[in-house]
Colleague: 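To start, I am sharing the structure in question, which I have written as C-alpha cells.
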Amino acid sequence: MAQAAAVAKPPAPPRRRRASATPRRLPYLLIAPAALLMLGFIAYPVLSVFYYSLQDYNPTKPWRNGFAGFGNFTRIFTDDPLFRDTLVFSAKWVFVEVGLQLLFGLALALIVNQTFVGRALGRALVFSPWAVSGVLTSAIWVLLYNSQTGITRYLADMGVGEYGVSWLSDTSTVFPAAIVADLWRGVPFFAILILADLQSVSKDLYEAAEVDGASRFKQFWHITLPHLKDAIILSTLLRAVWEFNNVDLLYTLTGGGPAGTTTTLPLYIANTSVDAHDFGYASALTTVAFVILLFCSMVYLRLSKFGGEK
C-alpha cells in the first residue's frame, strides 16, 4: 500500500529559475550614455539660465555682480518698454509668418501630390530651400535686396521705382521684405509634412465622394482637411516656436532695424547678452520667453484638441 501511495503521488513542479535582472536593465544601460549627454547639454544650460536670471551678472562690471532676487523680472515688467515692443513684434512676426507658410505650404503640397510629368523634379525644387541653412538664406536675400545690384536695381531699369532704394532700410517696406525672405525657406517645411500625410489618404474615399456627386471643394473640406488636422496642428506649433526664436535671418537682414522696428524678443535677448554683456537680465528675459512659449503651446494644443477625433 505504501508503495502504491508513493507511486500515485504527483511529482513536485520544477522550481522556476529566478529571472536575471540584467536583461531588464539592458535597455536602460544602452540609453544611459545618450541620456547623460542630453542631461549635460540641455538640462545644465537651462538650469544655468534660471540661476543667472536671479543674479546681476555682467563680466564688464564685476563690482555689481551678485544676487538680485526678482529684481530682473521686476525691471522687465515695469521699467523696460523694449520688452513690450519686442514681444508685440514677435507675436506679429509669428502670426503672419506661420499663417502664410501654412497657406502656401498646403497649396504646394496639394499641387505636387498630383500626377504630372516631371513631378519628381518639381518636388525636389519645392523642397530644396529647406535644405539651405538660415545664415546662407540670409546672405542670399541680402544680395537680392542690395540697392545697387539687387531686385530694386532691375526694377528701376524697367521703370518701376527709383535707383538706390533699399527695402531693408525703409520702415514701410522692411517687414514685408523680411517676410518674403523667410517664406522662401519656411514654406517647404509645411509642404513636406503635409505631403507626407496626404500620401496616406485612401483613394477610395475620394472615389466614393465622386460617386455621391461631391465637388472638389467638398472633397477637400470634408476628407482632406480632417485627415490633415493633426499634421497641421503639429507643424504650426513647431514652426511657431522656431519663428519666435528666429534670430539668424533678422539679425543678418536688418540687425533689428531700422529704428528697432524688426527686433524680436530673442533678438533683443541676444543683443542684451552679447553686445551689452548683461547676462543676468538676458537670462531673466529668456526665462520669461520660455514661460510664454510653454503657456501658449499648452493652450494651443488644448484648444486644437491635438490627437483627438478627426
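Just so you know, these numbers use all the heavy atoms, side chains as well, and skip hydrogens, waters and symmetry mates. All values reported here derive from a predicted model rather than from experimental measurement. Residues take their numbers from the sequence shown, with the count starting at 1.
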Colleague: Counting only heavy atoms not in Y154 (residues, nucleotides, ligands), do more than 12 fall under 6.0 Å from its OH?
Modeller: no
Colleague: At their closest point, which heavy atom of I223 faces which heavy atom of A209, and how far apart are they?
Modeller: CD1-CB, 3.9 Å
Colleague: If we only count heavy atoms from C-beta on, is the T152 to Y145 side-chain gap below 4.5 Å?
Modeller: no
Colleague: Can you find a heavy atom in the side chain of L205 that is under 4.5 Å from one in the side chain of S202?
Modeller: yes
Colleague: Take D278 and S273 through the test side chain to side chain contact (heavy atoms under 4.5 Å, CB included) and record every step on the way to the result.
Modeller: CA-CA 5 Å; D278 194 350; S273 58; over 6 Å; no
Colleague: So, the side chain of Y268 versus the backbone of L82: is there a donor-acceptor pair under 3.5 Å, distance only?
Modeller: no
Colleague: So which atom in P188 and which in V126 form the shortest heavy-atom distance, rounded to 0.1 Å?
Modeller: CG-O, 3.2 Å
Colleague: Looking only at non-hydrogen atoms, find the nearest pair between L183 and E97 and report the distance.
Modeller: CD2-OE1, 3.7 Å
Colleague: Hey, could you give me the NE2/OG distance between H227 and S200, rounded to the nearest 0.5 Å?
Modeller: 3.0 Å
Colleague: Enumerate the residue pairs fulfilling side chain to side chain donor-acceptor pair (under 3.5 Å) with a member in residues 165-179, sequence neighbours excluded, ordered by first and then second residue.
Modeller: S166-S169, D170-S172
Colleague: Strictly under 6.0 Å, is that where the ring centroids of Y57 and Y52 end up?
Modeller: yes
Colleague: Could you give the distance from OG1 (T286) to CG (N245), rounded to the nearest 0.5 Å?
Modeller: 9.5 Å
Colleague: Using side-chain heavy atoms (C-beta onward) and a distance below 4.5 Å, is T149 in contact with L143?
Modeller: no
Colleague: For T287 and F290, run side chain to side chain contact (heavy atoms under 4.5 Å, CB included): C-alpha distance rounded to whole Å, both residues' side-chain angles, the deciding distance at 0.1 Å, then the answer.
Modeller: CA-CA 5 Å; T287 302; F290 170 78; 5.6 Å; no
Colleague: Which atoms form the tightest heavy-atom contact between A231 and D197, and what is the distance?
Modeller: CB-OD2, 3.6 Å
Colleague: Mind checking whether F104 and F190 have ring centres under 6.0 Å apart?
Modeller: no
Colleague: Is there a path of hydrophobic side-chain contacts, each under 4.5 Å between heavy atoms of I, L, V, M, F, W or Y residues, that connects F73 with F67?
Modeller: yes
Colleague: First locate atom CZ of R216, then atom CG of L110, and finally report the distance between them rounded to the nearest 0.5 Å.
Modeller: 9.5 Å
Colleague: Would you call T236 and I232 a side-chain contact if the rule is heavy atoms closer than 4.5 Å?
Modeller: yes
Colleague: Begin with the C-alpha distance, continue with both residues' side-chain angles, and end with the deciding distance and a verdict on side-chain hydrogen bond (donor to acceptor under 3.5 Å, both in side chains) for N113 and Q199.
Modeller: CA-CA 8 Å; N113 190 45; Q199 304 295 311; 2.8 Å; yes
Colleague: Would you say Y51 has more than 12 foreign heavy atoms packed within less than 6.0 Å of its OH?
Modeller: no
Colleague: Is there a side chain to side chain contact (heavy atoms under 4.5 Å, CB included) between L106 and L228 once you walk through the steps?
Modeller: CA-CA 10 Å; L106 176 61; L228 297 176; 3.9 Å; yes
Colleague: Counting distance only, does the side-chain N/O of Q219 pair as donor-acceptor with the main-chain N or O of A214 below 3.5 Å?
Modeller: yes
Colleague: Taking all atoms of both residues into account, what is the closest heavy-atom pair of R123 and L195, and its distance?
Modeller: NE-CD2, 3.9 Å
Colleague: Can a donor-acceptor pair be found, under 3.5 Å and without considering hydrogens, that links the side chain of N271 to the backbone of L267?
Modeller: yes
Colleague: Once side chain to side chain donor-acceptor pair (under 3.5 Å) is applied, what residue pairs with a partner in residues 62-72 remain, sequence neighbours excluded?
Modeller: none
Colleague: Are any of the side-chain nitrogens in D212 or K218 under 4.0 Å away from the carboxylate oxygens of its partner?
Modeller: no
Colleague: Please round to the nearest 0.5 Å and tell me the distance separating atom CD of Q55 and atom OG of S283.
Modeller: 9.5 Å
Colleague: Between L168 and A177, what is the shortest heavy-atom contact and its length?
Modeller: CD2-CB, 4.0 Å
Colleague: When you compare the side chains of S138 and Y251, does any donor N or O come within less than 3.5 Å of an acceptor on the partner?
Modeller: no
Colleague: Examine I269 and V274 and state if one hydrophobic cluster contains both, with Ile, Leu, Val, Met, Phe, Trp and Tyr joined whenever side-chain heavy atoms are less than 4.5 Å apart.
Modeller: no
Colleague: Which label fits W130 and F189: parallel for a plane angle under 30°, tilted from 30 to 60°, or perpendicular past 60°?
Modeller: tilted
Colleague: Have Y281 and D56 got a donor and an acceptor in their side chains that come within less than 3.5 Å?
Modeller: no
Colleague: Is the backbone of I233 close enough, under 3.5 Å, to the side chain of S304 for a donor and an acceptor to pair up by distance?
Modeller: no
Colleague: Group every Ile, Leu, Val, Met, Phe, Trp and Tyr by side-chain heavy-atom contacts under 4.5 Å, then state whether L198 and L225 land in the same group.
Modeller: yes
Colleague: When you look at F83 and L285, which way does the side chain to side chain contact (heavy atoms under 4.5 Å, CB included) test go after all the steps?
Modeller: CA-CA 8 Å; F83 168 74; L285 288 169; 3.8 Å; yes
Colleague: Does R153 reach the main-chain N or O of Q148 with its side chain, forming a donor-acceptor pair under 3.5 Å?
Modeller: yes
Colleague: Could you measure the distance from the CG atom of N246 to the CZ atom of R185? Nearest 0.5 Å is fine.
Modeller: 8.5 Å
Colleague: Given the rule that I, L, V, M, F, W and Y join up when any side-chain heavy atoms are under 4.5 Å apart, are L293 and F77 in one cluster?
Modeller: yes
Colleague: Once rounded to the nearest 0.5 Å, what's the spacing between atom OG1 of T272 and atom CZ of F279?
Modeller: 10.5 Å
Colleague: Do K61 and H277 come close enough that some side-chain heavy atom pair is under 4.5 Å?
Modeller: no
Colleague: Linking I/L/V/M/F/W/Y whenever any side-chain heavy atoms sit under 4.5 Å apart, do F217 and I194 land together?
Modeller: yes
Colleague: Does any pair with a residue in residues 252-267 pass side chain to side chain donor-acceptor pair (under 3.5 Å), and if so which ones, sequence neighbours excluded?
Modeller: T254-T262
